[in-house]
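Throughout, protein chains are lettered first and strands after them, A, B, ... in sequence-line order, and every chain is numbered starting at 1. The figures that follow rest on heavy atoms only: side chains count, while hydrogens, waters and symmetry mates do not.
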There are 2 protein chains.
Amino acid sequence: MNIGEIARRAGVSRSTVSYALTGKRPVSEETKRRIQAVIDELGYRPNASARALKEGRTRTIGLVIPPASQRLTDMQLGFVASVVDAAARADLDVLLSPSGGEHDRSFERVVTGRRVDGVILMEIRLEDDRVARLQQLGLPFVGIGRTRHPEDMSWVDVDYETLIAKCVHHLADLGHRQLALVNRSAELVAAGYGPGHRAQSGFDRAIAERGLRGVRVCCADDAQAGQSCLEQLLTEHPGLTAIATINEAAVSGMYRGLAEAGLSVPGDFSIAGVAARHWAENLHPPLTAADVPADELGARAVELLIQRVADPGTPQHHLLVAPPISLRGSTGPARPRD
Amino acid sequence: MNIGEIARRAGVSRSTVSYALTGKRPVSEETKRRIQAVIDELGYRPNASARALKEGRTRTIGLVIPPASQRLTDMQLGFVASVVDAAARADLDVLLSPSGGEHDRSFERVVTGRRVDGVILMEIRLEDDRVARLQQLGLPFVGIGRTRHPEDMSWVDVDYETLIAKCVHHLADLGHRQLALVNRSAELVAAGYGPGHRAQSGFDRAIAERGLRGVRVCCADDAQAGQSCLEQLLTEHPGLTAIATINEAAVSGMYRGLAEAGLSVPGDFSIAGVAARHWAENLHPPLTAADVPADELGARAVELLIQRVADPGTPQHHLLVAPPISLRGSTGPARPRD
DNA sequence: TTGTAAGCGTTATCAG
DNA sequence: CTGATAACGCTTACAA
């Protein structure tokens with residue numbers, strides 16, 4: 001079923017059908033009706049490949065996510081959901097590319113061959129080959145996250161540095177003097193994962209400003225790692241009474257480790273962090289945390305991308321958000337342990 | 001940059017470049033080298049739309065997921081991950097469509113207009129409009145899940161009926177006499193969500209076979225709902241000592257509710273269910289559960305789809321899996337409560 | 001071993 | 001207000 005068939009049956013030319021569909025040229029009510037009738041009867045929809053070939057755009061955006069094999073965090077999932085939602089609202093389709101490694105077929109397929117009009121890139125590293133590749137290709141893209149020198153790209157990001165510093169100040173205000181930063185996995189941080197590094201800077205800065213003692217550790221993205229990480233922290237740092245973290249997936253394990261060490265939260269120990277609201281609220285006790293507005297960030301990223309696709313000459317936009325810390329049940333006044 | 005430009009610079013015809021690329025006709029080593037050199041230099045990749053238009057296939061599959069706004073469960077996420085992975089291995093791209101409602105633009109866009117070669121459909125209802133639509137369109141598709149009368153479609157599915165029955169038998173063997181089934185949300189079940197209904201049948205059957213007392217409740221997909229659901233169950237059914245569930249997201253809340261009622265797991269109360277292994281293992285105590293092999297199911301679904309795309313006349317395949325129940329720490333001998 | 005040319009289904013330009 | 005026709009970039013008979 002193609003446009004020619006519709007035209008034939010409606011007794012008009014192909015161009016008239018096309019114009020009736022797109023409205024880019026006036027078509028008399030009468031013919032419009034006749035054409036629509038045939039279309040409805042046969043269930044015709046224009047061939048997307050032909051249209052893309054002719055128009056030079058696909059009405060599709062690429063979404064590059066971390067390799068699917070390693071589980072997505074709740075926050076990452078929130079980004080994916082909001083991007084997909086926002087794209088759907090703008091009548092755009094989303095082509096998924098699970099890629100993170102260096103030489104990646106899926107990524108190459110999606111970004112070359114005019115398969116998409118633009119790309120949203122998640123989980124960006126401080127130095128990121130994919131960013132360089134996209135810039136080289138001249139394909140419009142927007143980062144959820146940013147590189148070390150992000151001036152020449154559009155991005156939206158969470159201000160981990162500020163937020164972790166705020167967590168430290170909040171804990172210091174509560175009287176905590178010895179704090180730990182629980183980061184994400186060592187591999188991720190070693191690979192130059194931006195949030196990991198920026199959280200460290202924020203932590204170091206705030207620790208210094210308040211004259212506290214601080215220790216930084218990495219931890220894999222799951223509850224079991226959180227538990228063993230916490231056990232180790234407790235034995236190695238007897239004076240520790242509080243944790244700041246960006247590792248939402250590990251928090252329930254940390255709670256468990258504390259419980260098994262006979263420490264209550266927030267009575268004996270406090271934890272504050274950066275997390276998806278849904279996740280923070282579902283922990284027990286609910287986590288005092290800066291709630292990452294994944295919905296807003298994803299939607300904004302799509303907006304920026306649409307803009308760049310429409311006019312690649314448009315200036316780069318940057319959106320750095322530092323949501324307020326929601327006080328919940330996981331932080332309280334310090335009570336010395338030793 | 002197009003194939004004509006490559007041909008011109010390599011001093012050959014467009015067809016030769018095409019054949020050098022696809023290997024569908026012998027090309028002399030010498031010209032092949034020369035062509036490749038030009039391609040490498042200019043970074044040429046064939047235009048996907050043009051190729052799709054000519055070949056009549058897009059090398060892309062659609063993946064229809066539940067509306068992104070409502071959070072995906074860990075198991076659903078596992079399916080998405082494995083489908084995306086398997087597709088990537090087969091050099092297929094994945095177009096995402098978040099749709100569940102009745103009249104859905106995103107779904108229509110993806111399944112019409114020759115945008116994809118086939119579709120994988122998740123979260124299928126007993127009566128599902130989308131299945132009917134796909135059959136009407138004649139677009140190859142494979143379900144992860146199945147309708148009430150699933151003979152005339154290909155699908156892979158988890159045998160919830162058998163698995164929940166097995167859970168009941170396991171709990172009965174441990175001496176439990178009064179059991180509850182915690183289903184997924186009431187809306188989902190009311191909408192004809194297959195696993196919900198099939199779990200009920202399995203539960204009823206096993207309860208009858210063993211002469212037990214059983215009660216069935218629905219529960220939203222989150223920890224807080226799990227907790228309040230459990231509190232209600234405990235007050236309304238004082239003799240209850242065990243739960244079978246397919247609601248993995250609610251389990252941690254049920255644990256919490258039990259703990260706050262002063263009941264230990266598995267000392268005072270047992271829970272068994274169907275869940276993603278990762279999820280079951282990360283609970284505390286780890287959940288005795290049939291571990292849904294999402295990886296295998298997703299990969300098989302992609303395989304089946306590839307087959308159907310290659311030859312639409314191929315017979316429909318059905319794969320119903322009932323993995324063994326992994327005994328973990330959440331079930332133990334019954335100890336009467338009242 | 002290579003080249004020529006038709007055609008996939010659209011949209012847009014140019015005529016009428 | 002409408003029709004013919006030329007692209008868009010590719011693959012693939014058919015010829016040489």
Roughly, in whole Å, what's the span from [atom1] in [X] to [atom2] in [N]?
X	N	atom1	atom2	answer
A:R25	D:dC1	CZ	P	10 Å
A:R14	C:dA12	CZ	P	14 Å
B:N2	D:dT11	CG	C1'	14 Å
A:Y19	C:dC14	OH	C1'	10 Å
A:K24	C:dT10	NZ	P	14 Å
A:R8	C:dG9	CZ	P	14 Å
B:I6	D:dT11	CD1	C1'	16 Å
A:I3	C:dG7	CD1	P	19 Å

**Request:** Give, ordered by number, those residues of residues 50-60 of chain A having at least one heavy-atom distance below 4.0 Å to an atom of DNA chain D; if nothing qualifies, reply none.
**Result:**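 Heavy-atom cutoff 4.0 Å gives A:L53, A:K54.
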
**Item:** Non-hydrogen atoms of A:A301 and A:I144 that approach each other most closely
**Value:**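 Looking at all heavy atoms of both residues, the closest pair is CB-CG1, 4.2 Å.
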
Residue-phosphate contact under 4.0 Å: [X] side-chain N/O, [N] OP1/OP2:
X	N	answer
A:S13	D:dA4	no
B:S18	D:dT11	yes
B:T16	C:dG3	yes
B:N47	D:dG9	no
B:S49	D:dC8	no
B:T31	C:dT2	yes

Under 3.5 Å, is there a donor-acceptor pair between the [X] and [Y] side chains?
X	Y	value
A:D40	A:Q36	yes
B:T16	B:S13	yes
A:S28	A:T31	yes
A:S106	A:S97	yes

**Request:** Assess whether salt bridge (charged side-chain N to carboxylate O under 4.0 Å, His left out) is satisfied between B:R115 and A:D93, documenting all intermediate values.
**Result:** CA-CA 10 Å; B:R115 212 169 268 271; A:D93 286 321; 3.1 Å; yes

Touch check for [X], heavy atoms < 4.0 angstrom, all strands: base, sugar-phosphate only, or nothing?
X	result
A:G113	nothing
B:S15	base
B:R114	nothing

**Nearest to side-chain heavy atoms of B:Y44, which nucleotide of D:dT12, D:dC10, C:dT2** =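 Of the options given, the side chain of B:Y44 lies nearest D:dC10.
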
**Item:** Shortest side-chain distance from B:S28, nucleotide among D:dG3, C:dG3, C:dT2
**Value:**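 The answer is C:dT2.
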
**Prompt:** So, A:D117 and A:R57, do they make that salt bridge, N to O below 4.0 Å?
**Reply:**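 A salt bridge is absent here (no side-chain N lies under 4.0 Å from a carboxylate O).
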
